[in-house]
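Small disclaimer: the values here were computed from a predicted structure and weren't measured. Labels below follow one simple rule: chain letters A, B, ... track the order of the sequence lines, proteins then strands, and each chain is numbered from 1.
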Number of protein chains: 2
Amino acid sequence: MPKIVDHDLRRRELAEAVWRVIARDGVDQVSIRTVAAESGWSTGALRHYFSTRAELLAFACELVIDKVATRISTTRYVGSPREVVRDVLLQTMPADANRHTEASIAFAFLALGLGDPALARVQRLHFTGMYDLCLALIRDLDAKGLLAPHTATVESLARRLHALVDGLSVHVLAGHLDAEEMIAQLDAYLGELVGQPGTSRAHRMPAPTDVPSARGARGPEDGRTGAHGTGTSSGHRRRRKRS
Amino acid sequence: MPKIVDHDLRRRELAEAVWRVIARDGVDQVSIRTVAAESGWSTGALRHYFSTRAELLAFACELVIDKVATRISTTRYVGSPREVVRDVLLQTMPADANRHTEASIAFAFLALGLGDPALARVQRLHFTGMYDLCLALIRDLDAKGLLAPHTATVESLARRLHALVDGLSVHVLAGHLDAEEMIAQLDAYLGELVGQPGTSRAHRMPAPTDVPSARGARGPEDGRTGAHGTGTSSGHRRRRKRS
DNA sequence: CACTTTACCGCACGATCGTGCTATAAAGAA
DNA sequence: TTCTTTATAGCACGATCGTGCGGTAAAGTG
């Protein structure tokens, strides 16, 4: 047998090059050649791992979705139930530079999905997973008796929470809000969901709370070594052999 | 003087061709040639009205924003203040086929704006205008004493309403919600803002209520004949002279 | 009529696109 | 060693892109 490379690992590496191109130059700058240049490979090498451009994009889209799902389900959360809910939801929002980049990539794919049914299908799964997560969080608060008196069903509350989270995210991505304001509004909304108490650190419940998984949500283990950092931070530009 | 055409009118006609291409084939199918074919003009004719592709896109983006701003400020609203608020906000949301198309176009531009600072600037103005509109609506409810007891500022309530509106819209555009569910959730949220009463038609106030303008919001008059229907419905395909 | 100005067409250029293809390098198996 | 299989490079093809530009039709003025 000749030189063997981990195909799945290489595909992830190339997908991350797609992310960097999208984050830096916009989604309409993604081409086989630009991704090849960004990753340091040749166009011919790319075709060994993705037979078509659409396949590359679909993989990069799925991967960024998996990335946040994995982070949600592997992060340990501390604090009151309300703080846990807040921090879980913030995992999907542009709360810092890393998540801003991540969210803008996911958002770019979302727009691309308006004209690409294959991408749209992947994204609907993501939305369904996020709604299920919101519903589970709300149900958890309800079971703990922390929800303020309400007339709506928990499903209705979850739908609105989900919409608020995505709406706030879009507003930050569009430059209409900054991250602090976004977080403040999320906090304010959660403050209306539970009793009045603000972000009070009193009444803390230090035991890490279980977080309902967002989707099929396979853990960090799917053949690889665990949390090795799928982060965008691995932006090493490989140098070419020639030219 | 030779043949004179209304430049602004022609530019609008071409921008509507851009909208149709985006709605039918996706934003990445917009090129000078496809827009020329869609509008029935030649590529050379296009260049008489837009010297560059970016200029064409920017104009089409601004125009779709103006279109909803104009509709908001020219529609007469009837019903209780709460119903007025609902109907005003629904003007920007994919509540029916027409508005769905319109919203998907605006959304496509939004993603395009992530990589184009000029477009991003236009869109920030739009978001600011929409926030101001939400704030004015909330203040109107507050002045009428219709707001349920709340601890938050009206600005905070407006921010969250704005985010909910856009979040629900995105969820419909992504195929995650249908229009009815979206409207139901908007209604439910407004039901929490004001007193408990649902969408009850009792206690109606039939006098058309004034709607605070969304932006600089010039009326429908800006040199043209008024409400002549800037609608996407004017999809007449012009036949070429030859070929 | 001729003349001027605007509207419009459509070709041409160079760049870039996705993708098929061949040639070569590398690495274990025999 | 030779052979077989995989990995990678990079060229070539046809299509499409944005845009510049010259030519022609039309409409009003003199």
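Counting any heavy atom pair closer than 4.0 Å across all strands shown, F50(B) reaches no nucleic acid atom.
Y189(A) pairs by the ring pair (Phe, Tyr, Trp, His ring centres under 6.0 Å) definition with nothing, not counting sequence neighbours. For Y49(A), the ring pair (Phe, Tyr, Trp, His ring centres under 6.0 Å) partners are H7(A), not counting sequence neighbours. With sequence neighbours left out, L177(B) forms a side chain to side chain contact (heavy atoms under 4.5 Å, CB included) with R159(A), L168(B), H171(B), V172(B), E181(B). Applying the ring pair (Phe, Tyr, Trp, His ring centres under 6.0 Å) test to F109(A) and every residue at least two apart in sequence or in another chain returns nothing.
Put simply, CG on L46(B) is 12 Å from C1' on dC9(C), counting in whole angstrom units. Atom CG of D6(A) and atom P of dT6(D) are 16 Å apart (whole Å). H48(B) has its NE2 atom 9 Å from the C1' atom of dC9(C), to the nearest Å. Between the C1' atom of dC9(C) and the CZ atom of R10(B) lies a distance of 13 Å, rounded to the nearest Å. Taking atom CH2 of W41(B) as the reference point, atom C1' of dT6(C) lies 13 Å away to the nearest angstrom. In this entry the distance linking CD of E55(A) with P of dG18(C) reads 14 Å, nearest Å. The distance between atom CG of L9(A) and atom P of dA7(D), rounded to the nearest whole Å, is 13 Å.
Counting only residues at least two apart or on different chains, no side chain to side chain donor-acceptor pair (under 3.5 Å) pair has a member in residues 108-125 of chain A.
Between the side chain of T75(B) and the main chain of I72(B), no donor-acceptor pair closer than 3.5 Å is present.
At a cut-off of 3.5 Å, with distance as the only test, no side-chain donor of T101(B) or S104(B) sits close to an acceptor on the other residue.
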N/O-N/O pairs, protein side and nucleotides 14-17 of chain D side, under 3.5 Å:
| from | atom 1 | to | atom 2 | distance (Å) |
| --- | --- | --- | --- | --- |
| dC17(D) | OP1 | S31(B) | OG | 3.3 |
| dC17(D) | N4 | R33(B) | NH2 | 3.4 |

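Taking 4.0 angstrom as the limit, T52(A) places a side-chain polar atom (N or O) nearer than this to OP1 or OP2 of dT19(C). For H7(B) and dA7(C), the shortest distance from a side-chain N or O to OP1 or OP2 is below 4.0 Å.
Taking every side-chain heavy atom of T43(B) into account, dC11(C) is the closest of dC9(C), dA7(D), dC11(C).
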